[in-house]
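Everything below concerns the one structure shown next.
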Amino acid sequence: MVVTVVELLIRKGAEEAFLAAYRDASQHVLAVGCRTLRLVRSSTDPRRFLVIGEWDTVDDPSAAFQGSDGFVRWRDAVSEFFAEPPFVDQGVQLHVETTPVETPAVQTAAVQTAAVQTAAVETAAVETTAVEPASPNGPAALPTAATTARES
């Protein structure tokens with residue numbers, strides 16, 4: 001599978017108009033053989049977007065798309081919003097197995113979670129069995145997790 005990444009910088013104030021145009025224009029890309037198309041907006045610069053497409057072969061993005069009417073329609077629909085020419089790159093997706101490494105922080109969090117779960121079970125047992133007698137000021141109060149923790 002081939003992945004294309006198109007980086008777009010949109011003119012200031014035109015971001016919402018670009019998004020509306022992109023919604024319709026993306027169909028032209030999908031119609032000429034693009035498997036999937038995703039739009040990612042930068043969290044550090046709301047004017048910067050990545051268009052990520054997946055294609056079957058290396059030739060699909062360049063020959064099949066850029067030489068098509070779909071490309072012309074896509075470009076005509078969205079290019080008026082560009083602050084600069086797009087940066088386009090493509091690569092072949094790699095399948096590399098990774099194994100998460102358990103850090104001491106992850107191990108500590110797991111132990112803390114187990115301790116909290118055990119305390120919650122113990123608290124639940126206390127809450128279902130311990131009832132204070134009624135007082136002249138109102139009904140009996142059940143102990144809560146907060147009051148049970150303070151008493152411990």
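Everything numeric in this text was worked out from a predicted model, so none of it was measured. Heavy-atom basis, side chains included; hydrogens, waters and symmetry copies ignored.
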Check: Can you tell me how far the CD1 atom of I10 sits from the NZ atom of K12, to the nearest 0.5 Å?
Finding: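 Output value for this atom pair is 14.5 Å.
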Checklist line | Interatomic distance, L37 atom CG to Q27 atom CD [nearest 0.5 angstrom] | finding: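 Separation between the atoms: 9.0 Å.
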Next item on the list: Could you tell me which non-hydrogen atom of A77 sits nearest to which non-hydrogen atom of A25, and how far apart they are?
Entry: CB-CB, 3.7 Å
When hydrophobic residues are tied together by side-chain contacts of less than 4.5 Å, even through go-betweens, does [X] share a cluster with [Y]?
X   : Y   : answer
F18 : V6  : yes
L8  : F71 : yes
L19 : L30 : yes

Margin query: List the residues meeting side chain to side chain donor-acceptor pair (under 3.5 Å) with E15, not counting sequence neighbours, and say none if there are none.
Written below: none
Notebook entry, point to check: Can you list every side-chain hydrogen bond (donor to acceptor under 3.5 Å, both in side chains) pair that touches residues 16-25, not counting sequence neighbours?
Noted result: none
Next item on the list: Return each pair, listed once, that meets side-chain hydrogen bond (donor to acceptor under 3.5 Å, both in side chains) where at least one residue sits in residues 39-52; pairs must be two or more places apart or across chains.
Entry: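 Listed once each, the pairs are E7-R48, S42-T44.
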Checklist line | Heavy-atom side-chain proximity of W55 to V29 below 4.5 angstrom | finding: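 SC-SC contact between W55 and V29 confirmed.
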Checklist line | R73 and D76: CA distance, side-chain angles, deciding distance, side chain to side chain contact (heavy atoms under 4.5 Å, CB included) verdict | finding: CA-CA 5 Å; R73 289 183 185 137; D76 289 349; 5.8 Å; no
Item checked: Listed partners of R35 passing salt bridge (charged side-chain N to carboxylate O under 4.0 Å, His left out), at least two apart ->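 D56.
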Margin query: Per the ring-ring contact (aromatic ring centres under 6.0 Å, His included) rule, what does the pair list look like for residues 74-99, sequence neighbours excluded?
Written below: none
Checklist line | Apart from I52 itself, residues in the same hydrophobic cluster as defined by side-chain heavy atoms under 4.5 Å | finding: V3, V5, V40, L50
